[in-house]
Amino acid sequence: MVAEGSVFRYGDNVDTDVIIPARYLNTANHAELAAHCMEDIDSQFVKTVQKGDIIVADRNFGCGSSREHAPIAIKESGVSCVIARSFARIFYRNAINIGLPILECEEAAASIKAGDRVQVDFDSGTITNMTTSQVFQSEPFPPFMQELIAAGGLAAYMAQKEGV
Amino acid sequence: MGMTMSQKILAAHAGLESVRAGQLIMADLDLVLGNDITAPVAINEFAKFGKKTVFDKEKVALVPDHFTPNKDIKAAEQAKAMRTFAREHAITNYFEVGQMGIEHALLPEQGLVGAGDLVIGADSHTCTYGALGAFSTGVGSTDMAAGMASGTAWFKVPSAIRFNLSGAFGPYVSGKDLILHIIGMIGVDGALYASMEFTGKGVANLSIDDRFTVANMAIEAGAKNGIFPVDAVTLAYLDEHYKKEVRIYEADSDAEYDATYEIDLSTIKSTVSFPHLPSNTRTIDEVGEIRIDQVVIGSCTNGRIDDLRQAAQILKGRKVASHVRALIFPATQKIWKQAMAEGLFDIFVDAGCAVSTPTCGPCLGGHMGILAEGERAVSTTNRNFVGRMGHPKSEVYLASPSVAAASAVAGYIADPKNVMEA
């Protein structure tokens with residue numbers, strides 16, 4: 001499985017209130033949530049994000065609330081992967097559970113810049129900055145996690161496995 | 001190697017003699033919690049699991065507290081979806097408006113959480129129940145759905161950071177000042193993935209409401225959970241509220257900690273978190289003159305009876321500054337009645353405060369106290385991120401009930417001592 005896209009770049013402690021402000025949590029509709037993704041810190045995100053694009057951030061991405069609406073909004077925006085130095089733990093679990101691939105990689109997060117073209121190979125854990133030709137190594141996703149992401153999340157994956 | 005308090009509770013619920021940090025375990029849950037924002041998403045996921053019933057209708061709690069009383073049509077639809085699910089599945093612990101309170105104040109009061117329990121909740125402040133010696137942690141809606149379906153959840157066993165407390169607070173200092181001080185010291189990811197375990201002789205000097213406040217904000221340091229040992233204060237609370245048998249787990253004497261911090265409570269000063277991170281703390285003497293527009297006293301962090309009493313002590317016989325809106329949110333119906341019986345509402349209303357029914361409303365910028373562009377609030381809530389209480393260019397300053405009440409009177413962020421001596 002490979003993702004490729006242009007990079008949106010953010011700093012430390014991007015919290016779930018800026019990923020999707022609570023004033024929009026009166027719906028669980030994915031498209032409505034995506035329409036307001038990141039708007040309080042980056043009003044251009046929703047206007048310019050393309051399918052496949054990648055978010056790169058520094059430490060503690062997704063801190064704050066447990067709202068699963070946050071990774072849902074990012075995934076529904078078309079983002080194919082989030083790379084950060086570290087993730088807040090509830091966000092990490094939620095992202096995997098809804099099938100949004102996320103990778104911790106200190107070196108990649110330190111070096112990749114806004115607008116760079118980046119490719120991620122989830123089988124090998126290789127992150128390639130195609131703009132600068134730099135290559136970074138992250139932990140590869142084990143097969144079950146790739147299957148879970150392909151299924152669209154934990155619930156669908158479990159249902160497939162149990163033949164429900 | 002010995003185990004921490006948190007590790008012992010996890011081991012017991014996984015049916016294991018012992019666990020170690022980093023180990024992946026499957027554990028049985030005592031309670032699964034959701035609210036009107038997170039449960040609707042969980043209910044959709046629950047349907048995908050293909051289960052007809054929840055694992056135990058006594059062990060699921062659904063609390064409409066965030067956007068209730070319904071703030072708009074969409075919020076009403078979400079509350080209705082949760083209500084319908086609760087009825088279809090005959091969920092015992094569904095609390096309608098009129099009985100409900102803010103979930104993390106309500107569940108302990110209802111006796112649904114207690115020492116030794118393992119609880120997950122689709123709300124990040126589920127870590128509050130560590131005040132009672134429970135292991136409780138926030139999860140997302142998919143995990144909540146899986147928990148409702150199976151009664152189990154997988155956990156990565158956390159390591160722990162220990163906070164060894166001694167001494168007692170000075171006047172007008174409370175649990176909020178302690179936890180803000182700690183978050184300021186270790187940062188918003190200072191306890192990422194770890195347990196925060198509070199120990200030492202100073203614990204005995206913390207009221208149960210102080211402990212709820214401290215455990216509640218463990219997530220604001222990135223922690224998986226925060227937990228206190230069970231002592232006479234805990235047992236007195238549990239004896240009054242908790243219906244099940246108390247299970248006490250103590251850390252082994254040779255338990256290992258990632259770090260230990262020694263904190264003398266008598267040295268803690270009133271503390272304020274400046275925008276836009278809870279870790280951006282200053283002590284009250286370093287604040288400077290910050291003019292404010294609104295004060296919020298309440299929430300799962302500071303909406304309990306002790307908090308209201310502390311605010312009332314400052315507001316008694318005084319007036320809220322003419323340019324300030326002061327909003328009070330008792331966290332549950334029971335706390336509301338108690339505050340009324342103690343005459344606290346007379347004090348609040350005479351001072352010029354508005355008193356609300358329980359709701360999370362303003363804390364997360366939902367409703368009932370939204371800030372306009374450029375406005376500033378002093379709030380006893382738990383987060384001050386960009387746009388948290390309204391406009392992206394508004395500001396939230398986190399503080400204790402005493403500092404919030406003093407600030408309401410002064411019209412700028414104020415030291416309770418100065419207001420009381422003025």
Side-chain angles (χ1 to χ4, degrees), chain A residues 12-30 32-33 36 39-41 43 58-72 85-99 148 151-160 162-164, chain B residues 37-38 40-51 66-67 71-78 81 121-126 137-146 149 156 158 187-189 192-193 219-220 222-224 276-277 279 363-367 370 383 385-388 390 392:
Chain A
D12 286 336
N13 305 315
V14 173
D15 61 77
T16 54
D17 277 287
V18 295
I19 295 171
I20 180 70
R23 59 185 178 274
Y24 303 119
L25 297 186
N26 56 2
T27 178
N29 179 283
H30 292 193
E32 285 185 57
L33 294 170
H36 300 288
E39 74 174 28
D40 283 359
I41 54 164
S43 58
D58 292 318
R59 285 165 51 191
N60 204 28
F61 186 90
C63 64
S65 131
S66 68
R67 62 189 70 155
E68 208 157 283
H69 313 66
I72 287 171
R85 289 178 199 249
S86 64
F87 291 91
R89 58 161 274 281
I90 304 178
F91 182 91
Y92 189 94
R93 206 169 159 126
N94 287 349
I96 299 296
N97 279 346
I98 65 137
L148 188 159
L154 178 68
Y157 171 69
M158 297 291 281
Q160 274 179 17
E162 289 178 19
V164 182
Chain B
I37 288 180
T38 58
V41 178
I43 289 164
N44 289 340
E45 295 301 306
F46 182 84
K48 293 184 197 165
F49 283 108
K51 291 270 288 190
H66 274 61
F67 288 168
K71 81 174 183 113
D72 56 27
I73 295 170
K74 284 182 174 179
E77 295 294 345
Q78 295 210 97
D123 187 278
S124 59
H125 294 107
T126 302
T137 190
V139 297
S141 295
T142 298
D143 279 325
M144 179 195 167
K156 189 172 176 185
V188 289
D189 61 352
L192 193 58
Y193 292 98
I219 178 68
E220 260 51 73
K224 188 164 194 159
H276 289 286
L277 280 179
S279 57
C363 171
L364 73 162
H367 62 151
I370 304 303
R383 292 194 176 122
F385 299 146
V386 170
R388 174 72 178 180

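Since the model is a prediction, treat every value here as computed from it, not as a measurement.
For B/Lys71, the part lying near chain A is the side chain, with the backbone staying farther off; criterion is any non-hydrogen pair under 4.5 Å. The part of A/Asn94 that comes within reach of chain B is its side chain, from C-beta onward, which places non-hydrogen atoms under 4.5 angstrom from that chain. Using a 4.5 Å cut-off between heavy atoms, B/Ala149 makes no contact with chain A at all. Proximity to chain B is limited to the side chain of A/Tyr92, based on heavy atoms less than 4.5 angstrom apart. Proximity to chain A is limited to the side chain of B/Leu277, based on heavy atoms less than 4.5 angstrom apart. Contacts of B/Gln78 with chain A are made by side-chain atoms alone, with heavy-atom separations under 4.5 Å and no backbone atom involved. No part of B/Ala145 comes within reach of chain A, as not one of its non-hydrogen atoms sits under 4.5 angstrom from that chain. Heavy atoms of B/Leu364 lying under 4.5 Å from chain A belong to its backbone as well as its side chain. Looking at B/Tyr193, the atoms closer than 4.5 Å to chain A (heavy atoms on both sides) sit in the backbone and in the side chain alike. For A/Ile90, the part sitting under 4.5 Å from any heavy atom of chain B is the side chain, from C-beta outward, and nothing else. Interface remark: A/Thr16 contributes no atoms to any contact with chain B (heavy atom separation under 4.5 Å).
Between B/His66 atom NE2 and B/Ile37 atom CD1 the span is 5.0 Å, to the nearest 0.5 Å. A distance of 11.5 Å separates CD in A/Glu68 from CG in A/Leu33, rounded to the nearest 0.5 Å. Atoms CD1 and OG, on A/Ile72 and B/Ser141 in that order, are 7.0 Å from each other to the nearest 0.5 Å. How far CG of A/Asp15 is from CZ of A/Phe61: 9.5 Å, rounded to the nearest 0.5 Å. Considering CZ of A/Arg93 and CD1 of A/Ile96, their distance stands at 11.0 Å, rounded to 0.5 Å.
Chosen from B/Gly390, B/Gly365, B/Gly138, the residue pairing most often with chain A at heavy-atom distances under 4.5 Å is B/Gly138. Of the listed residues (B/Ile73, B/Thr38, B/Leu192), the one with the most heavy-atom contacts under 4.5 Å to chain A is B/Leu192. Most heavy-atom pairs under 4.5 Å with chain B: of the set A/Val18, A/Thr27, A/Ile98, this distinction falls to A/Thr27. Most heavy-atom pairs under 4.5 Å with chain A: of the set B/Val139, B/Val386, B/Val41, B/Asp143, this distinction falls to B/Asp143. Among B/Ile219, B/Ile370, B/Val188, the residue with the largest count of heavy-atom pairs under 4.5 Å with chain A is B/Val188.
No more than 12 heavy atoms of other residues, nucleotides or ligands lie within 6.0 Å of CZ in A/Arg59, so this atom counts as exposed by the packing criterion.
For B/Arg388 (side chain) and B/Cys363 (main-chain N/O), a donor-acceptor pair under 3.5 Å exists by modelled atom type.
Not counting sequence neighbours, B/Phe385 has no partner by the ring-ring contact (aromatic ring centres under 6.0 Å, His included) test.
The pair B/Lys48-B/Glu45 counts as a salt bridge, with a side-chain nitrogen and a carboxylate oxygen less than 4.0 angstrom apart. A/Asp17 and B/Arg383 are not joined by a salt bridge, as no carboxylate oxygen comes within less than 4.0 angstrom of a charged side-chain nitrogen.
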